[in-house]
Amino acid sequence: MKKLTFALAAITLAAAAQAYPDKPITIVVPFAAGGPTDKVARDFAEAVRKHLNNGTIVIENVGGAGGTLGANKVAKAAPDGYTLLLHHIGMATSPSLYRNLPFKTLEDFEYLGMINDVPMTLIGRPTLPANTYPELVKWLNDNKGKINLANAGLGAASHLCGLLFQQGVKIDMTTVPYKGTAPAMTDLLGGQVDIMCDQTTNTSGQIESGKVKAYAVTTSKRLTSPALAKLPTLDESGLKGFNLTIWHGLYAPKGTPKAIQDQLNAALQKALKDPEFIKRQEALGAVVVTDGRLAPAEHKKFVAAEIDKLGVAIKAAGQYAD
Ligand code: ASP
């Protein structure tokens, strides 16, 4: 009898996976619409749906608290493959920054594969008098106590970058948190905040059209895209060792059936080979993942290593939830 029950359960699970998806899938983006994570998610959704029976994918923006609100929503969602999370490096910073993180990063999710790596840029409001990185450093020194640094909340990529930057230049700034860097960009363009670090997926267009001041890139090597190649690295500008790249991955609630996880990972891997997707990502300065981190086990291993590595950096920068 027991054997029969097991057999029936296996058949039911297999049938569910075969029919999957038979209704819209929601991908939660833990930041505001129109920002860099949102842009990656919308392009990815378009590419991946072709490999999921051309099903509908809905993007739900759940911004706030540096991405932890959206991540928590998915951690608590039904593990049926219909609610997923597309999140960035914040998966690995939040365990060090939040004393009461409402989910366990390595235990409450199924890891479905990584999507891309994205450099960041340091930009300023269009009316900022500084035009180059050395001029910016001078301006920051001349305006101590009056500098507003925008970010997407504690644990966001912009927060981490801003934290490391303040530590590097040894100047404390007033941080202004937003639900994502899309609304932060609106205020930067309007001159309400002075500077911000943000992914190239959000800044390339603004830099290219000269709408913001651009000072440096956060990677150890200069970028190659025409709009960004002229920017120095922070490392070569005097912040020795500064090297920050933002990565994005896909997650499902813990307990999502293995067959559905496998289906989602296979669809992700196919989507990442889509020439149209690759072209769009490259135009925004992003590099689509082609290495071992496409495999869920490697994705999880990578995040675990990042939690350790970033924990040390965050503690050294003077912020740690203990
Ligand atoms: N770029 C933001 C961050 O700082 C997130 C976003 O709005 O996508 O993490």
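Since we're looking at a predicted model, the values are computed, not measured. Numbering of residues begins at 1 and proceeds along the displayed sequence. Remember, it's 1-based here, ligands and their atoms both numbered in the order they're listed.
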Could you check Tyr20 against Tyr82 for ring-ring contact (aromatic ring centres under 6.0 Å, His included), going step by step and ending with a plain yes or no? CA-CA 9 Å; Tyr20 175 82; Tyr82 290 99; 5.2 Å; yes
Show me a pair-per-line table, with atom names and distances to 0.1 Å, of protein N or O atoms that are under 3.5 Å from an N or O of ligand 1.
{"residue": "ligand 1", "atom": "1 (N)", "partner": "Thr181", "partner atom": "OG1", "Å": "2.8"}
{"residue": "ligand 1", "atom": "1 (N)", "partner": "Asp198", "partner atom": "OD1", "Å": "2.8"}
{"residue": "ligand 1", "atom": "1 (N)", "partner": "Gln199", "partner atom": "OE1", "Å": "2.6"}
{"residue": "ligand 1", "atom": "4 (O)", "partner": "Ser158", "partner atom": "N", "Å": "2.8"}
{"residue": "ligand 1", "atom": "4 (O)", "partner": "Ser158", "partner atom": "OG", "Å": "2.4"}
{"residue": "ligand 1", "atom": "7 (O)", "partner": "Thr181", "partner atom": "N", "Å": "2.8"}
{"residue": "ligand 1", "atom": "7 (O)", "partner": "Thr181", "partner atom": "OG1", "Å": "3.2"}
{"residue": "ligand 1", "atom": "8 (O)", "partner": "Thr37", "partner atom": "N", "Å": "3.0"}
{"residue": "ligand 1", "atom": "8 (O)", "partner": "Thr37", "partner atom": "OG1", "Å": "2.6"}
{"residue": "ligand 1", "atom": "9 (O)", "partner": "His88", "partner atom": "NE2", "Å": "2.6"}
{"residue": "ligand 1", "atom": "9 (O)", "partner": "Ala157", "partner atom": "N", "Å": "2.8"}

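- Evaluation of the salt bridge (charged side-chain N to carboxylate O under 4.0 Å, His left out) rule for Asp80 yields no partner, not counting sequence neighbours.
- Between Tyr111 and Tyr251, the ring planes are perpendicular. Angles over 60° get that label, and only those under 30° would be called parallel.
- Annotation for Arg125: atom CZ counts as buried by contact number, over 12 foreign heavy atoms lying within 6.0 Å.
- Under a cut-off of 6.0 angstrom, the local environment of NZ in Lys213 is crowded, with over 12 non-hydrogen atoms contributed by other residues, nucleotides or ligands.
- Ring orientation note: the planes of His88 and Phe31 are tilted relative to one another, at an angle of 30° to 60°.
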